[in-house]
Amino acid sequence: MKTPVYLAGALAALTLLVPLAAPAQAAAPKKAKKPQTVVALTFDDGDATQAEAARMLQNHGMRGTFYVNSGTIGQEGKLTESQLTALAKAGHEIGGHSVDHVRLNGLLPDRQREQICGDRRALMEMGHEVSTFAYPFGAVDGDARQTAKECGYAAARGVSGLRAVTCATCSTPAAESLPPANRWNIRGAGSVLDSTSVRHLKQQVLNAEKAGGGLVPVIFHVVCDDCGQYSIAPERLEEFLVWLEKRRSRGTVVRTVAQAVGAKPGPLPED
Ligand SMILES: [Zn+2]
């Protein structure tokens, strides 16, 4: 039997359509999977110089995360309660860093709860949401992670685990995964020191971009000229921020840790 002419025409049209349609379908999922590098600018210990750093971030449309010790708020050289309120009002995140900046590993769980839950309670009583925590000295063990979780934190940041920019041969990852592999153990690439150059800071972001994105927590302490090992000069921070703002065109953005992790904190435990 002969194939009717109209059917043969339809078949020919179909074979023409199929190869044309295929590339369009293949392109669609690629677009949705655009890798993104999220930089979290974090400031530990509630140093008074960080108030100016916060203003610098704001001038670039950025918001940071300030990990403060509730036990030292308002002491000499530290941010005051009203300064922290102003930071939160401006959109910065206020996170916990223990009451007294103690090493949590090795502490008994009860003492860990005092330092982690007690700190969060004090900050919450000042009107802050307090979603994330940073382990003082990055000193953490399984108990401390469990306690941070029980105290209602959505996530907690350590200090190490990511590749230091100065270590070319290290095989550790350049960025934390998003969502983080372990929300109560967000890794960092060490603290920014007075010996850290702007080139190092940029390289850390570039390495993450090259590795396909992820979370890059940058850990600052004192923001002031010639103020010890854990300080960065304001001019160097500004130079980094100017550069970082331009990376937006590459899909690299600055977020607070709570925004980056995207998890909601829980209530404080009843005691
Ligand atoms: Zn600290």
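Keep in mind it's a predicted model, so treat the numbers as computed, not measured. First listed ligand is number 1; within each ligand, the first listed atom is number 1. Heavy-atom basis, side chains included; hydrogens, waters and symmetry copies ignored.
- Side-chain atoms of His221 and Gln50 form no donor-acceptor pair, as typed in the model, at a separation below 3.5 Å.
- Here side-chain hydrogen bond (donor to acceptor under 3.5 Å, both in side chains) pairs that include residues 171-180, with residues two or more places apart or in two chains, are Glu176-Arg187.
- Side-chain contact annotation: Asp194 with Ser231, donor-acceptor N/O pair under 3.5 Å absent.
- Under the 3.5 Å distance criterion, with hydrogens and angles disregarded, a donor-acceptor pair is assigned to the side chains of Ser197 and His200.
- Excluding waters, the protein N/O/S atoms found under 2.8 Å from the Zn ion (ligand 1) are Asp45 OD1, His97 NE2, His101 NE2.
- Glu114 has a carboxylate O that lies under 4.0 Å from a charged side-chain N of Arg111, or vice versa, which qualifies the two as a salt bridge.
- Ring centroid separation for the pair Tyr135 and Phe133 comes in under the 6.0 Å cut-off.
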